[in-house]
There are 2 protein chains.
Amino acid sequence: MTPARSRRPGAPTRTERGIPEATVARLPVYLRALTALSDSGIATASSEDLATAAGVNSAKLRKDLSYLGSYGTRGVGYDVEYLRYQIAREIGVTQDWAVVIVGIGNLGHALANYSGFGTRGFRIVALLDADPALIGEQIGDMVVRDFAELEEIVAADRVSIGVITTPAGPAQEVCDRLVAAGVTSILNFAPVVLSVPDGVDIRKVDLSIELQILAYHEQRKSGEAALPEVPELPAINGLPGLPSVGGGVGA
Amino acid sequence: MTPARSRRPGAPTRTERGIPEATVARLPVYLRALTALSDSGIATASSEDLATAAGVNSAKLRKDLSYLGSYGTRGVGYDVEYLRYQIAREIGVTQDWAVVIVGIGNLGHALANYSGFGTRGFRIVALLDADPALIGEQIGDMVVRDFAELEEIVAADRVSIGVITTPAGPAQEVCDRLVAAGVTSILNFAPVVLSVPDGVDIRKVDLSIELQILAYHEQRKSGEAALPEVPELPAINGLPGLPSVGGGVGA
DNA sequence: CCGATTTTGTTCTCACGTTCACAAGCTCCT
DNA sequence: AGGAGCTTGTGAACGTGAGAACAAAATCGG
Ligand SMILES: NC(=O)c1ccc[n+]([C@@H]2O[C@H](COP(=O)([O-])OP(=O)(O)OC[C@H]3O[C@@H](n4cnc5c(N)ncnc54)[C@H](O)[C@@H]3O)[C@@H](O)[C@H]2O)c1
Ligand SMILES: NC(=O)c1ccc[n+]([C@@H]2O[C@H](COP(=O)([O-])OP(=O)(O)OC[C@H]3O[C@@H](n4cnc5c(N)ncnc54)[C@H](O)[C@@H]3O)[C@@H](O)[C@H]2O)c1
């Protein structure tokens, strides 16, 4: 069944700027570690030092860095400033990216007040909400604007990244509007699966999921044999009396 | 299905409650999808239906569910309520887990105001901060308490999960205090790598990292050949004039 | 009661990610 | 100059995860 491909089966897709996704997800961590070292006045660091600071093992770190090029010096280590710049360039945060936040409720307010974006390559250009009671509110040095202005803002400021902090209900609709306006990367905090066309990247942050993963392991720790026993094969329809369980979809 | 008897050499470690980590991370998504279906009054769903609702492919979903047991019916599908309960039980959210939040600033306030925890298996039992100006503040039906009361609260309410929303600086110290008090699962929002002893689980949520991952792909999309060229092998020490780049470690 | 139809549970194979281990390369000391 | 001592970069082994494919089991219509 093996179709005759040119690429050897075992060979990694390495070249042509193809950095493995798992590595991409760690580069920002390395970047932060390098910035911390730099701020401490450390000019050179070995892969072991860096790995400790980033919380990974050193072989993995070296392999990750090797995808970017050969930026270390054998017997010495890595020049902190130089490597920091190379990683920043690879990620694309040597320039600032314009970001819009949609849904200025609890979470949107927290993000709007957060000062950590500017120093990490992002610039919030607009806070948008559909609630007339919120529009016009001042948050830091920004003002909440009408979601209807979205297209205009995206075009004017070349916005390519959107953050969704609306309730789950309107999230897909908001997402569609963002995509239609030209946004091609979305960070979603609403607890729904959003669908987007090819070419649009989406990442989600879901606090409840994180807690549930912790709960799973926690249960494993405490009650190793304390799992409640439950009927394995009930009648297929009509199961009265099952306890109400977590996992809701409300906003 | 085959009862766990003498395990064949090549067979995966299936039973004995060994669920792959990748599967564990998806179970909460299935749980949410099932709750949504249930709320729509749908009693039965095929793996295809569920997979669509959860945003995964159906083979993966079936394999994931098979780790929990054989809860479907061939030719029919899965009973929504029953499967929902089984997943909730496996994750451990048929009971409520007590949670403390430390650091009631921007983000801590947002989490404290969030109503989505109660319906997903978690109960916030305390909001803690070290700032005297905050202690005593009312948020919803809770009051911010002194971080010094931590040990007492953890013991009284059997708290096993802690959420850290302090700045990066004090995060490790706060983490140590949590662990010493008996907390064995931690969700960290501060942009630092926390170190914890064996037996303590830690998960992190880092917004800047998520945005940087999006930025990487965004850069790939737009400027396929527009990567700035840069000297590949500079003198190892003293690199004046490199642009200042993102990735800071500030609070 | 039987065959057609549907859908699960599982097997097999390939791709991806992690870790080990070590030759290659650099610095420093004698 | 030459050897000792480090540290990088990478090949190879190993482990985990994803997806295609299909046999086994259940329903349903005749
Ligand atoms: N607050 C948290 O700590 C927290 C935690 C986990 C997940 N979440 C999720 O994050 C999202 C936001 O949470 P929140 O607590 O900030 O909610 P919120 O209700 O406080 O804020 C939602 C905001 O979105 C706005 N909005 C609603 N529909 C809109 C539309 N169509 N277009 C533009 N704006 C619209 C509302 O006006 C409101 O200001 C929710 O999906 C929630 O489930 C929040
Ligand atoms: N706000 C955001 O949107 C956002 C986004 C990404 C990351 N973060 C990270 O989340 C964390 C919190 O952000 P924030 O904006 O809420 O910060 P914040 O400064 O508003 O709040 C931090 C709170 O922690 C408290 N605190 C400080 N030291 C403490 C200690 N030792 N013990 C107990 N409490 C202590 C402070 O009193 C303050 O109330 C930070 O690490 C930040 O980098 C925040």
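Quick note on labels: first sequence line is chain A, next is B, and so on, each numbered from 1.
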Can a side chain N or O of B:Ser46 be found less than 4.0 Å away from OP1 or OP2 on C:dT7?
no
Please report the distance, rounded to the nearest Å, between CG in B:Leu83 and P in C:dT7.
16 Å
Atom NZ of A:Lys60 to atom C1' of C:dA21: distance rounded to whole Å?
17 Å
Is there a donor N/O on one and an acceptor N/O on the other, under 3.5 Å, for the side chain of B:Lys63 and the base of C:dT10?
no
Closest to the side chain of B:Arg62, out of C:dT19, C:dT10, D:dA26, is C:dT10
When the distance from OH of B:Tyr67 to C1' of C:dG9 is rounded to whole Å, what number comes out?
12 Å
Whole-Å distance between D:dG9 C1' and A:Glu48 CD?
15 Å
By nearest-nucleotide position on DNA chain D, the 5'-leaning member of A:Gly75 and A:Ala59 is A:Gly75
My understanding is that only one of A:Arg62, A:Lys60, A:Lys63 makes a side chain to side chain donor-acceptor pair (under 3.5 Å) with A:Ser47; could you say which?
A:Arg62
Determine whether the side chains of A:Ser185 and A:Asp201 contain a donor N or O and an acceptor N or O closer than 3.5 Å.
no
Side chain of A:Pro20 (C-beta onward), nearest among C:dT18, D:dA20, C:dG17
C:dG17
Between C1' on D:dT10 and CG on A:Leu61, what's the gap in Å once rounded to a whole number?
14 Å
Proximal nucleotide (of D:dG9, C:dT8, C:dT18) relative to the A:Tyr78 side chain
D:dG9
Closest approach to the side chain of B:Asn57, judged atom by atom: which nucleotide of D:dT8, D:dA20, C:dT27 is it?
D:dA20
Between C1' of D:dC6 and CG of A:Asp49, the distance in whole Å:
12 Å
A:Asp49 side chain to A:Ser46 side chain, donor-acceptor N/O pair below 3.5 angstrom
yes
Looking only at side-chain atoms of A:Arg74, point me to the closest of D:dA23, C:dA23, C:dC20.
C:dA23
Please pick, from D:dA18, C:dG17, D:dG17, the nucleotide with the shortest atom-to-atom distance to any side-chain atom of B:Arg26.
D:dA18
Going by atom types alone, do A:Tyr85 and A:Glu81 pair a side-chain donor with an acceptor below 3.5 Å?
no
Quick one: is C:dT7 close enough that its OP1 or OP2 comes under 4.0 Å of any side-chain N or O from B:Ser47?
no
When B:Val102, B:Val205, B:Leu187, B:Ile186 are each screened for side chain to side chain contact (heavy atoms under 4.5 Å, CB included) with B:Val163, the one that passes is B:Leu187
Gap between atoms CG and P, on B:Asp79 and C:dT7 respectively (whole Å):
16 Å
Rounded to the Å, how far apart are A:Glu21 CD and C:dG17 P?
8 Å
